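What you see is a predicted model; the values in this text were computed from it and never measured. Numbered from 1 within each chain, the chains take letters A, B, ... in sequence-line order.
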Amino acid sequence: MSRIYADIIVDISQEKLDKSFQYEIPEELQGQVEIGKRVRIPFGNGGRELTGYVIGLSEEPKIEPDRIKAILAVEDRGMEIESRLISLAGWIARQYGSTMNQALKTVLPVKEKETAKEKRYLCLAAPEEACIPFLEEYRRKHYKAKERLLQALMEKKTLEYTYAAAELKITASVIRGLEEKGLLKIERERDYRNPVFKGEDRKNLEISPLSPAQKEVCREIFAEWETEHPRPCLIKGVTGSGKTEVYMELITHVLEQGQQVIVLIPEIALTYQNVSRFYRRFGDCVSLINSRLSKGERFDQFERAKKGEVSIVIGPRSALFTPFPNLGLILIDEEHEDSYKSEKTPCYHARETAIRRGEMEGAHVVLGSASPSVESYYKGKTGEYKLLYLEERYGGSRLPQVFVVDLKEELKTGNRSMFSSVLTEKIRDRLQRKEQVMLFLNRRGYTGFVSCRSCGHVMKCPHCDVSLTSHRNGRLICHYCGYETWDVSKCPVCGSPYIGGFKAGTQQIEVLLQKSFPGAGVLRMDADTTKKKDDHEKILAAFARGEADILIGTQMIVKGHDFPNVTLVGALAADLSLCSEDYRAAEKTFQLLLQAVGRAGRGQRAGEAVIQTYHPEHYSILAAQTQNYEDFYQQEIRYRMLMDYPPAAAMAAVRGACTDEALLKEAMSYCRKYVKRIYPKEDLVLIGPAPETVSKVQDYYKMVLYMRHKDREILVKLKDALEKYIAVNKGFQNIYIQFDFNV
DNA sequence: AGCACGCCGACT
DNA sequence: GTCGGCGTGCTC
């Protein structure tokens, strides 16, 4: 009879134990040990007892069977919700190519409990005079580590444990030595945490009745929920159509069933102003999670959720893992926002993961956006999601009027400045009327593409249809496939010498503005002026109070806040993101422009927007001008299908990092060769390896290999195989490989 | 993380 | 020789 072994992750708070261990299941625990269960296990030589998580069951012992120890006990405290989250972690690890340990850490804040709650400090336990003889003794005996530690302790009195370990290279045995001499004490300090939520005045609670359109959307969603296999619902609702009222109605319905709700909002929109409506409507059962919360505070919120003290959690991406015992609904607002995709391994996408969690726990998923991501809208159109429209703006506010300025024409008339004549004129007009202006410089993805200022031609890769990036060595490089060519001094299309990178920052614009409009109050918002956490809000608040006439900034300024007195929005160079080297460039450009344009004239006054571009004929610009999402989508999906980009096919990235460039290059090309060897069929497209957009970070060179295939499962299998290949190959020892399934 | 093991300088 | 610190590697 073959034995069954349990694969167990020992202690997820320990980075170094990032692998699973096999344990025997003793007779009396047979049947109790399942995936996701918490178990007590012996670990290490000292017979140390630890808690582990069962992540799998296997029949084959991986090491000699006599070295395998047995599970001591199953913790039944390990509630159902945790085991569900652990299976979700399993899915994340598989889907996004991370280790189980990394996935568990993303999903379970539980284990951070110890570290966040109890910070360990090393404290000097003897008076300084008493230490000096020891210090001298250590110096004499060349006990370098002890000397180092004691010296530091005498200077600072207390040290953080982790700091001592990392910076002073102190090991546990050294600390024990000093402790025995009575020179040092380890203090565990509890982080006392205050509750986040202060009671909100609910007296002025008024529930506005739903409009017929809103009612209809709710009715359709409820009808979908009644079906046997409810699909995720996608509400495409223009700004001002009252999506929030619909959300409220859905939430109320779910709460009435005794279930709980998770509301995801992009981090940037997670302001008090935005969530206070939820407090007013639902009161104390609402809990807010944001990145300003410490890990401990976040843990407390999760704990409250588990105990049933709250039933609505509002937060960013990470709030998705709130351990509600009976989750009924996950709402994702502004579902197209890219902050829903994690940039750390596992690079999970909150939308996909929410849908998975919904399936597993029988919770509904509702997505909302004024301009859904191409992927989601595609799924809506093909029936994978239920698509609902909320197109009518109430309050009758009008769409802003949008002017598109061709910068090529401006150049022809001799205007080489950042401001077209139309925009200059309109700014002057607003200043006179004491209305406000927002100028938006889209620098996302700007990495030095090369374009002709005369005809607008952009140097593109002949293989990938993305912009080439100019490098200091005088070469133009494609970051998708590595194609290289010489930089040009003349436009290959029209012969104009006005070809080069677009170089302008918000700072230069500020200077230019002050020159052109002396006396105008200008506020600038970019990475420089928002270094501290609150700077962002402070600038916006100052602008809202009318302390400046013009606000210039990067994409930060177009998200979130409404300014009723803003009647003009200018997008200074809409192309900057259009020409980034990313197949999503058009989508991102359209999204940003649509949002920017939407900032104009939110109050009673009619708004205007000016889009300056070198590509007035590009569909993303045209669609932004008419503010027509449908037009944009039709063009974009055609392009994606034609080029086999998602959602037509799945893409995965293999990202490598190494301090040795040559070694990295070789290793990455081996990856490519290996993948090609085990999957030689033509339907797999390999792109690269090529340097990453930012090709060197802190002495680490970075390269990426893209894999594209119709079937995501194939990519997952290839990733698994590649992972094994990398693990057994000595040549990969100093190379960090990361997988990203959501390119 | 915690523990054992083995290397190497210092001192009997 | 031996004592003991300190780095390294392993834990199913």
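- Distance from the side chain of Tyr23(A) is smallest to dC12(C) among dA4(B), dC6(C), dC12(C).
- Per the geometry, CD1 belonging to Ile68(A) stands 18 Å off P belonging to dC10(C), to the nearest Å.
- Atom pair Glu64(A):CD and dC10(C):P shows a separation of 14 Å (rounding to whole Å applied).
- Checking the phosphate oxygens (OP1, OP2) of dG5(C), a side-chain nitrogen or oxygen of Lys146(A) falls inside 4.0 Å.
- Of the candidate nucleotides dC12(C), dC6(C), dT11(C), dC6(C) has the atom nearest to the side chain of Val174(A).
- Taking the six-membered ring for Trp and the full ring otherwise, the centers of Tyr725(A) and Tyr674(A) sit less than 6.0 Å from each other.
- Summarising the geometry, the separation between CG on Asn45(A) and C1' on dC3(B) is reported as 6 Å, rounded to the nearest angstrom.
- The separation between Tyr138(A) atom OH and dG4(C) atom P is 13 Å, rounded to whole Å.
- At whole-Å resolution of the value, CG in Leu57(A) and C1' in dC12(C) are 15 Å apart.
- Taking the six-membered ring for Trp and the full ring otherwise, the centers of His349(A) and Phe741(A) sit at least 6.0 Å from each other.
- In this entry the distance linking CZ of Phe21(A) with C1' of dT11(C) reads 5 Å, nearest Å.
- Not counting sequence neighbours, the partners of Lys665(A) by the side-chain contact (heavy atoms from CB on, under 4.5 Å) test are Met703(A).
- In this structure, Arg317(A) contributes its side chain and Lys341(A) its backbone to a donor-acceptor pair below 3.5 Å.
- For the OP1/OP2 pair of dG5(C) and a distance below 4.0 Å, the side-chain nitrogens and oxygens of Tyr143(A) include no atom meeting the criterion.
- Distances from the side chain of Arg48(A) to the nucleotides dC6(C), dA1(B), dC12(C) place dA1(B) closest.
- When heavy atoms are screened at a 4.0 angstrom cut-off, Phe43(A) is found touching base atoms of the nucleic acid.
- Of the side-chain N and O atoms in Arg67(A), none sit less than 4.0 angstrom from OP1 or OP2 of dC10(C).
- Rounded to an integer number of Å, the gap from CG of Leu150(A) to P of dC6(C) is 12 Å.
- Atom CG in Leu50(A) sits roughly 13 Å away from atom P in dA1(B) (whole-Å rounding).
- Residues passing the side-chain contact (heavy atoms from CB on, under 4.5 Å) test with Asn45(A): none are found, sequence neighbours excluded.
- Heavy atoms of Ile63(A) sit under 4.0 angstrom from at least one base atom.
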